[in-house]
Amino acid sequence: MSTFYNHKAFMDLNPSQKEAVQNLEGPLLVLSGAGTGKTRVLTARLANLLYSNKTKPWNILAVTFTNKAAKEMRIRLEGLIGPSANSVWLGTFHSIAARILRENAEIIGLSPNYTIITPDDQVRLLKQIMLDDEIDIKKFTPKSMSNLIGTWKDKGYKPNDLKISNNDYFANGKAINIYKTYQMRLITLNSADFGDLLLHNLTIFSKHPDILNQYHLKISYFLVDEYQDTNTIQYLWLKLLANKTKNICCVGDDDQSIYGWRGAQVGNILRFEKDYPLAKVIKLEENYRSTGRILEAANSVIINNKERLGKNLKTSSKDGDKIDLISVWDGMEEAKKTSLEIENLYSSGFRYDQMAVLVRAGHQTRYFEERFVDIGIPYKVIGAKFYERMEIRDALAYLRVVQQPNDDLALERIVNIPKRGLGTSTTSMIHSYAKNNNISFFSATQELLMTDEFRPNVKRTLQNLINQFLDWKNQNNEITHMDLALKVLEESGYIAHWQNEKSIDGEGRLENLKELINAMSGFENLSGFLEHISLVMDGDSEAEAGEVSLMTLHAAKGLEFDVVFLPGWEEGLFPSQRSIDELGLAGLEEERRLAYVGITRAKQRLFITFSANRQIHGLWQGSIPSRFISELPRHILNENIEGNIGADASSYNQIDFDLSTKNGSYGPGFLRAKQNGINGINSYKKTQYDNNILNTNIEFNNGQRVFHQKFGMGLIISSDGDKLNINFDKAGEKKVVSSFVKLID
Ligand code: ATP
Ligand code: MG
């Protein structure tokens, strides 16, 4: 291969970036702010390693934060070095650890086809264990037990590493025992949860230095993106693996550490030079992503944090447009205004897939989704996963049992779906037999079938089902996994179950099942597919071209968009009250880093909105704007504060929008909204929405731009009484009733 240094991808880099790319040996830390090209440098460095012939693709391990980021990096790498990019070990901590575990499963007591269980299976299993242990699961919920175990695993603690003082407050001191039982149950089920992947890796490495040594020989270069968000166990894992060659390059930004709540230790990045005393540290300062004003916003917010290394980003790009700060009355109006802006931007040439709405809390996406559906904006919720739909989970459960009959959680899910007349008395009998004999549900059923415990018809049904599973399993290697999936879904009666379903969504569910089989074709076999599913179910999925992305700020890390909307900038929602309550100043600072991440995703346009009212747990509450808004310099803002709030809300035009105060005081309007409570809002809502629809007095003229709930934006071409002929940007020419359209000025 020729040298990488003649390659455009190298020559386009700035001198500090080049230095990082050229420095191939020994520990290297690239510590710098958002959009300075860290990920770009990491990819180029990977290419350079291969160009320089220092190593083979399969001797390189590169870790990204999400599966999506891994995929993107692979595509870019392929562009740089060709198909050998496919041989690089590139993935998330989880996916790489899953593979190492598969290669050494028997050391843990698992077989290589072990199942990775999903978070809700985790909770179900814990619930069983806690009920068996007679724990009051209302007081100590299985979900919080699952979180507690997650926290322990993130720190690398196995049950035996814990002392009673670690948990005396939870489940009357029984938490460690529950953890122990849970781990044993998982092994019996030939399963692992997410936390186990790395935890088992550590056990394997520490118990078997020879195996660790094999990986030392196998992997000679390490590259890690988003290093600021590694947690303790990831840190330990990486250190064990990389300590031999010390050829490790980590890139990160302390200001973007946003996973503290999941155990991420920003200290890991600060400790790098101690861990690797010969480490070289390179800082990049030039931001290539955002306009000057967007960067100024980011810098002005993050400067309020005390706990940071302190760096300022600069850019040689233009100032760009001002940042739009928009007030709205409620979530519905927020979604409306956002969608209007999206339509306008789209008309002026921005692509949908270059726009994103980034929310603080998952539930915020609902209004946006409803609105986008209404007016036909194509969108994709990243994280609200296809794979979490009921029919997909059922189908996956069937496939999991075919793959691994001991997968109890899967089998228990579908044993009576479609209905086979197997009631809870039957399943609990099997369940307790399984537990007493420490065998799986599947084996317990097989054993009980040799007895007369079941009523004859139940016996027949169960025997049938077991035979079917054995038959499908036998076929696993004979026919393609797509054919197998179809066969399983047909023969089990699952497809017929939805075909007979009279409700409207039966059709959609069948479509989804088809889509599931389509998705399988991208994988070599069933086991590869199921592993992929468990990993994507953890978080990220992909935005398709041509769709606005809707996702949480956490999921947006590392990404960039031309246009970014940041809704819900209100105290309590963002910064999240819960973070502040739980972690005090540290929590607030993590929230502020999240704001910094959000702002720095934007390349050209940034919209920040805040609402006077939010519905929280079904109740309307008044809200005050986020303190982060008051940290934005006014001169870079385009303030749209009165928010065109509607007929009887004229007083909102006089909102005293005082940005100089840090406590988010926005004057009488918002305070009154707070005092008004539910009644005020209801009466307002009525008039406002009535006004919207019944705008009978307005005269329309040809050539005016209007907005229609269903068809979106369009131009009036002719009219006939109260009927308008409108050429809609997307829907084409339609005849609509004038009272249903709104004039856009
Ligand atoms: P984040 O902290 O958000 O993860 P990052 O530091 O990883 O950001 P990149 O995503 O690598 O930054 O780069 C940000 C943008 O700047 C990308 O669009 C990238 O292609 C571009 N970029 C990086 N370096 C250069 C350069 N030297 N010349 C032109 N564009 C660049
Ligand atoms: Mg990056």
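Both ligands and their constituent atoms are indexed starting at 1 by order of listing. When a residue number appears, it is its place in the shown sequence, counting from 1. This structure is a prediction, so every number in the text was calculated from the model and none was measured.
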Students often mix this up, so state it plainly: with edges at 30° and 60°, are the rings of Tyr346 and Tyr352 parallel, tilted or perpendicular? parallel
If you measure from the Lys or Arg side-chain nitrogens to the Asp or Glu carboxylate oxygens, is any gap between Arg627 and Glu591 under 4.0 Å? no
Spatial distance of atom CG (Leu637) from atom CG (Asp324) [nearest 0.5 Å]: 9.0 Å
Under the 3.5 angstrom rule, does the side chain of Tyr51 hit a backbone N or O of Leu46 as a donor-acceptor pair? no
Between Arg99 and Glu103, does any NZ, NE, NH1 or NH2 come within less than 4.0 Å of an OD or OE carboxylate oxygen? yes
Sequence-distant partners of Lys153, salt bridge (charged side-chain N to carboxylate O under 4.0 Å, His left out), two or more places apart: Asp193, Asp196
Result, protein N, O or S atoms below 2.8 Å from the Mg ion (ligand 2), excl. waters, equals 1
Quick one: CG on Leu295 to CD on Glu286, what's the gap to the nearest 0.5 Å? 9.5 Å
Taking only heavy atoms of the protein into account, state which residues are under 4.0 angstrom from an atom of ligand 1, in chain and number order. Asp12, Leu13, Asn14, Gln17, Gly33, Ala34, Gly35, Thr36, Gly37, Lys38, Thr39, Arg40, Glu226, Gln256, Tyr288, Arg289, Gly558, Glu560, Arg601
Taking the six-membered ring of Phe65, is the NZ or CZ of Lys557 close enough (under 6.0 Å from the centre) and on axis enough (within 45°)? yes
For Lys218, check salt bridge (charged side-chain N to carboxylate O under 4.0 Å, His left out) against everything at least two apart and list the hits. none
